[in-house]
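These numbers were taken from a predicted model, which means no experiment stands behind them.
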Amino acid sequence: MRHLWIGLICAATPAVAHDAEIIGATATRSDAGWHISVTIAHDETGWDDYADGWRIENAAGDTLGTRVLHHPHVNEQPFTRSLSGVSLPKAAETIWIRARTSAEGWGHERFELTLPTVK
């Protein structure tokens with residue numbers, strides 16, 4: 001009987017969604033602004049839970065640019081998407097990137113990216 005209850009409890013427990021993980025990012029500067037590429041890993045289940053965007057933030061958490069992802073990437077993990085023409089403050093040395101999922105919203109963890117120096 002005890003095994004039956006454990007099975008019923010596990011079956012009734014909803015699956016727990018989790019944040020998308022940013023596993024890498026690059027930044028390059030051009031005359032048109034910054035080009036930011038971000039690589040994300042997430043155990044996507046389809047339209048109910050997928051990485052649906054990422055944003056660039058300054059140290060204070062202000063948004064400097066946002067990349068919307070319009071569909072799941074279930075069979076493409078990890079995946080990389082870019083945003084071009086990003087305007088960053090001239091004195092910026094570091095940016096932070098935060099991922100978003102359709103199930104959980106904006107994640108708590110931020111990925112720190114040191115910008116390359118332009119010579």
Side-chain angles (χ1 to χ4, degrees):
M1 184 68 161
R2 183 176 79 186
H3 295 296
L4 176 64
W5 279 107
I6 292 172
L8 290 173
I9 290 170
C10 290
T13 304
V16 177
H18 62 280
D19 290 346
E21 179 185 5
I22 298 171
I23 60 174
T26 61
T28 55
R29 188 174 183 165
S30 72
D31 292 337
W34 287 89
H35 178 86
I36 312 295
S37 293
V38 176
T39 301
I40 295 175
H42 184 251
D43 291 332
E44 302 194 356
T45 60
W47 291 101
D48 291 336
D49 184 11
Y50 71 99
D52 65 354
W54 52 264
R55 69 183 180 201
I56 303 159
E57 299 177 351
N58 63 15
D62 301 319
T63 301
L64 305 174
T66 302
R67 175 64 154 95
V68 176
L69 304 171
H70 296 283
H71 60 85
H73 299 87
V74 175
N75 297 318
E76 183 188 355
Q77 290 293 321
F79 65 95
T80 302
R81 294 297 180 271
S82 301
L83 183 62
S84 294
V86 177
S87 179
L88 299 177
K90 290 183 182 188
E93 296 178 357
T94 303
I95 57 173
W96 289 263
I97 304 166
R98 186 184 309 266
R100 177 184 162 83
T101 67
S102 60
E104 293 293 309
W106 292 108
H108 300 288
E109 298 294 320
R110 298 194 313 169
F111 183 92
E112 184 176 351
L113 178 61
T114 301
L115 299 172
T117 56
V118 179
K119 296 180 179 182

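Under the rule for a side-chain contact (heavy atoms from CB on, under 4.5 Å), the partners of Asn58 that lie at least two apart in sequence or sit in another chain are Ala60, Asp62, Leu64. Judged as a ring pair (Phe, Tyr, Trp, His ring centres under 6.0 Å), and not counting sequence neighbours, the contacts of Tyr50 are Trp47.
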Side-chain polar contacts of residues 83-94 - donor-acceptor pairs under 3.5 angstrom, sequence neighbours left out - could you list them?
residue: Ser84; atom: OG; partner: His35; partner atom: ND1; Å: 2.6

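Ser30 places a side-chain N or O within donor-acceptor distance of the main-chain N or O of Ala32, the cut-off being under 3.5 Å. Side chain of Arg67 to main chain of Ser82: a donor-acceptor pair is present (N/O by atom type, distance under 3.5 Å, no hydrogens or angles).
The CG atom of Asp52 sits 9.5 Å away from atom NE2 of His42, with the distance rounded to the nearest 0.5 Å.
Counting heavy atoms from C-beta on, the side chains of Thr26 and Ile36 never come closer than 4.5 Å. The side-chain heavy atoms of Pro78 and Thr39, taken from C-beta on, include a pair separated by under 4.5 Å. Looking only at side-chain heavy atoms (C-beta outward), Phe111 and Arg98 stay at 4.5 Å or farther from each other. Under the 4.5 Å side-chain criterion, counting only non-hydrogen atoms from C-beta, Thr63 is not in contact with Ile56. Annotation: side chain of Leu115 is in contact with side chain of Trp34 (closest heavy-atom distance under 4.5 Å). Contact annotation: the side chain of His70 approaches that of Val68 to within less than 4.5 Å [non-hydrogen atoms, C-beta and beyond]. For the pair Trp54/Ile40, a side-chain contact is recorded, criterion being any heavy-atom separation below 4.5 Å from C-beta on.
Closest of all the heavy-atom pairs between Thr80 and Ser37 is CG2-CB, 4.1 Å. Across all their heavy atoms, Gly53 and Leu69 have their closest contact at N-CD1, 3.7 Å. Shown here for Ala20 and Thr101, the closest heavy-atom pair between the two residues is N-CG2, 3.6 Å.
Using a cut-off of 4.0 Å between Lys/Arg side-chain N and Asp/Glu carboxylate O, Arg110 and Glu57 are scored as salt-bridged.
Within a 6.0 Å radius of NE2 in His71, other residues, nucleotides and ligands contribute more than 12 heavy atoms.
A continuous path of hydrophobic side-chain contacts links Leu113 to Val38 [ILVMFWY only; heavy atoms under 4.5 Å].
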